Amino acid sequence: MSEAEILSAPLVLEYPFKRTVGPVQSAFLTGLREGMVLGVRAEDGRVLCPPVEYDPVTSAELTELVELPATGRVTTWSWEPAPRAGQPLDHPFAWALVQIDGADTGLLHALDAGSPDEVTTGMRVRVRWNDEREGAITDIACFEPAGDEEGGQ
Amino acid sequence: MSDLVLPEALRGVEPVRSIRTPARLEYTFTAGQATSRFLRGISRKKILGERCGVCGKVILPPRGSCPNDGVPTSEQVELPDRGIVTTFCVVNVKFSGSAMELPYVCATVVPDGSDMGLFGMVQEIPFDQIRMGMRVEAVWVDDDDLTHDLASIKWWRPTGEPDADYESYREHV
């Protein structure tokens, strides 16, 4: 190796973070573990999913968790052509904001749609549950198209 | 905690209390010219700093320029592998991937003639006897294991010389 050559080497930085989740996220994640999607009712009557601990408008503490169906519709999306390690799927997929039926806000997750031609704003989707669930957002393996199903508002 | 209203099916089940959210970043680290010179020195058991032509300070590890004056460094300086502990901390918390026995001491060591320090561990002395101003020398890995990595210095150990006077290194603390 010449003296002028610039050195380079692989470098991996990894932080094994673990954190507590608070009462509302706890309920949401416990629900996922049990195969159930939860939202929270805000003071103005809207249902927020994923649920938050405090009202985004009034800052009031929110306590009423609402069971929602495992179906919804895509409100916006972006195609992921080259998934990286650790992402929900190992083949190309869409990142989608899914408004769960009965909710007024969007949940970000992967949508296993095969190709971007198969994804449209407003399309019907349903949760594909992970077989082994532990109380994490990954308990939802991804969403999948549900064009054959009735539902929504 | 608030009194949550939970759906019937979730009452009485063990709640989730925490989640793991690991972060992982994979890089190819490119050292640049100055750090490549420095690391090549390390692989030959030499500590190379670089002097600023304006302020005269020896920058270590060298970055090819002076952080004070913003000019390219002008002269390479070979430094001895002994110096002074200027600051240190006792590590009592294990982190994943570390085989170090607790507690151990991380320190900044300023080699004699340098104006900046290297980060390293201090060993071969009980952790509660390590102090600012202590004179130390590098303990290198076996010659066959020398590489372009600061880990070629296994740790620093006391030389037994009298401690340095605080005034002599206060600028480096």
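Heavy atoms only: backbone and side chains are in, while hydrogens, waters and symmetry mates are out. As the structure is a prediction and not an experimental result, all values here were calculated from the model.
Residues of residues 30-47 of chain A placed with any heavy atom under 4.5 Å of a heavy atom in chain B are listed by number as T30(A), G31(A), R33(A), E34(A), M36(A), L38(A).
Between the side chains of R63(B) and T35(B), at least one donor N or O sits under 3.5 Å from an acceptor N or O.
Test R37(B), K45(B), K46(B), R51(B) against E78(B) for salt bridge (Lys or Arg N to Asp or Glu O under 4.0 Å) and you get one pass: K46(B).
Contacts with chain A were tallied for L10(B), T28(B), T30(B); L10(B) has the most, counting heavy-atom pairs under 4.5 Å. When T20(A), V21(A), I137(A) are compared by the number of non-hydrogen pairs under 4.5 Å with chain B, V21(A) comes out ahead. Looking only at heavy-atom pairs under 4.5 Å with chain A, the residue among T21(B), D149(B), L6(B), V13(B) that has the most is T21(B).
In this structure, R131(B) contributes its side chain and Q129(B) its backbone to a donor-acceptor pair below 3.5 Å. With hydrogens and angles disregarded, a donor-acceptor distance shorter than 3.5 Å links the side chain of D115(B) to the backbone of V58(B). A donor-acceptor contact shorter than 3.5 Å links the side chain of Q99(A) to the backbone of A103(A).
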What's the verdict on side-chain contact (heavy atoms from CB on, under 4.5 Å) for L60(B) and F38(B), showing C-alpha distance, side-chain angles and the deciding distance?
-> CA-CA 9 Å; L60(B) 182 74; F38(B) 170 74; 3.7 Å; yes
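Using a 4.5 Å cut-off between heavy atoms, R17(B) touches chain A through its backbone atoms (N, CA, C, O) alone.
In this structure, the separation between CH2 on W79(A) and CH2 on W95(A) is 12.0 Å, given to the nearest 0.5 Å.
With sequence neighbours left out, the side chain to side chain donor-acceptor pair (under 3.5 Å) criterion links D165(B) to no other residue.
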